[in-house]
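Below you'll find the structure, written out as structure tokens, and then a few comments.
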Protein chains: 2
Amino acid sequence: MALQQDIKVAVDAVVFGYESKGNLSVLLIRRGVDPFKNTWALPGGLVLEHESLEAAVKRELKEETGVTMDYLEQLYTFGKPKRDPRNRVVSVSYFGLVRPNHFKIKADTDADEAKWFPVNDLPKLAFDHKTIFNTAEKRLKGKLLYQPIGFDLLSAEFPFSDLEHLYATILGQDIDRRNFRKKIMSFGFVEETNKIQQVRSGRPAKLFKFNKQKYDALLDNGFYFDIKFV
Amino acid sequence: MALQQDIKVAVDAVVFGYESKGNLSVLLIRRGVDPFKNTWALPGGLVLEHESLEAAVKRELKEETGVTMDYLEQLYTFGKPKRDPRNRVVSVSYFGLVRPNHFKIKADTDADEAKWFPVNDLPKLAFDHKTIFNTAEKRLKGKLLYQPIGFDLLSAEFPFSDLEHLYATILGQDIDRRNFRKKIMSFGFVEETNKIQQVRSGRPAKLFKFNKQKYDALLDNGFYFDIKFV
DNA sequence: CCAAAAGTGTTCCACCTACACCCATGG
DNA sequence: CCATGGGTGTAGGTGGAACACTTTTGG
């Protein structure tokens, strides 16, 4: 390894938030340091010497926003030479999906402020973070169509309508309630409980739960989850 | 950027080869330097200071094997702390698909030898390259099901049976010729020419060509390319 | 009794599946 | 005329799509 190389390795996280019947949002920080001081950016930062990439992204996310996540999926690695005006930085990006209200967000290291922004009303972003965000959004939507990643976002027991709203919100389209329900139920990884929702208004709903065993078994065989929109 | 970090950034390429009615193979090099001297490995190496990741992987591939490629798709970034026994190295991996006979392969920098290996008869690989290979193979098969990436592998004008063999080989399964043909033709991105194949044996075949415009248009709208195996 | 959301069934149609024989050529 | 691969149609079944009214509760 005679070659001289001075490239830094960073990680960035695109964390989407979805709250029951809410909108889809992304978690951003306002940078407290130059470059791009005071500009909004994705949480992230340099990888430590003996830290895995995944550990790094979780650590940065926690430090900068207070959000802790079990699972972030690797998205893409951005490495164009001029991404960062200082050194050359290669960024390995990750994305994930959480319920914002589960966290009290608070800025810390290198960030002046952390905040959720609706995905269709983003501020100007630092570096090439808009590109990273776009890549993540596309992947999120695509993934939802062949893997129900949405279950982490629902309570352990949820009314069926929560699932409908989740899909409709993330994909930004309306779905046919009857057909959606038939299809989901046909997969067998959502099961009815015998509990009833505490009513908000209207008819009380049965609660459902997610059967992870059946879901994992299906995933192994590869299934395609085609949803029809109206 | 006060932080000290000494991580190197490398790229590795998983290049699959498919030849008409041949087998699926991967391009490997035999390492000429330590560590893992004389062990087979994926072509790859460190990224140069002012070089994009994609340029780096193409350059390394060319240097080590003589193979030049227009398009390699980013696969995954491997960054566990102990991947490389020397420094810490983060590897951005790429994969692609070519016709081996189009190239005269020849080893050069850091490689003693470059050679195609059938995918189901690989030697022991250096570093975590087996993991990288497995990831690539899975992605290749998955991708073929929803995006006909196979067209680069066929002549500009090809008999339909070439397409059948391509799919059957990469996916490792037999397909129903009639149904496969109907399905492909229904998409509209394969068009009949009025030319006839120079005969090898048996009945001469009509030649077909690929309509990239129609294909790209379809891709934008997202289509799923479900193939039934016998 | 009105508002709000949950729950539910059927018909039609498109597409997928299974399946086997004849065709055109070269040797 | 034989071997080799190319080319083709149909019938039955499955599953997706479209579609609207009734139920249960709270206010």
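Every chain is numbered from 1, with letters handed out A, B, ... down the list of sequences.
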From [atom1] of [X] over to [atom2] of [N], roughly how many Å is that when rounded to an integer?
X	N	atom1	atom2	value
B:Arg177	D:dT4	CZ	C1'	12 Å
A:Lys183	D:dA17	NZ	C1'	10 Å
A:Met185	D:dG16	CE	C1'	18 Å
A:Phe180	D:dA18	CZ	P	16 Å
A:Ile184	C:dT8	CD1	P	15 Å
B:Ile196	C:dT25	CD1	P	8 Å
A:Ile175	D:dG16	CD1	P	15 Å
A:Glu164	C:dA6	CD	P	7 Å

I'd like to know if [X] reaches the base of [N] with its side chain such that a donor and an acceptor end up less than 3.5 angstrom apart.
X	N	value
B:Arg178	D:dG7	no
B:Lys182	D:dG9	yes
A:Arg203	C:dG7	no
B:Lys206	C:dT25	no

When we call it a touch if two heavy atoms are under 4.0 Å apart, what does B:Ser161 touch: a base, just sugar-phosphate, or nothing?
->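 Sugar-phosphate contact only.
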
Quick one: sort the A:Phe117 and A:Trp40 rings into parallel, tilted or perpendicular, breaks at 30° and 60°.
->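 If you compare the ring of A:Phe117 with that of A:Trp40, the planes turn out perpendicular.
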
By ring pair (Phe, Tyr, Trp, His ring centres under 6.0 Å) - contacts of B:Phe160 (at least two apart) |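 Listed in chain order: B:Phe208.
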
Examine the side chains of A:Ser91 and A:Asp12 and answer whether a donor and an acceptor come within less than 3.5 Å of each other.
->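 Distance-only check passes for A:Ser91 and A:Asp12.
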
Between B:Asn38 and B:Arg31, is any side-chain donor less than 3.5 angstrom from a side-chain acceptor?
->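 Checked: B:Asn38/B:Arg31 side chains show no N/O donor-acceptor pair below 3.5 Å.
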
Nearest of D:dC19, C:dA6, C:dA18 to any side-chain atom of A:Asn179?
->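 Nucleotide nearest to A:Asn179's side chain: D:dC19.
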
Closest nucleotide among C:dC19, D:dA17, D:dG7 to the B:Asp176 side chain =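 So the side chain of B:Asp176 is nearest to C:dC19.
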
Take A:Arg181 and A:Ser201, find for each the nucleotide of DNA chain C with the closest heavy atom, and name the residue whose nucleotide sits nearer the 5' end.
->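 Upstream on the strand: A:Ser201.
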
Stepwise salt bridge (charged side-chain N to carboxylate O under 4.0 Å, His left out) test for A:Glu192 and A:Lys206 = CA-CA 7 Å; A:Glu192 203 172 319; A:Lys206 289 179 205 155; 3.3 Å; yes

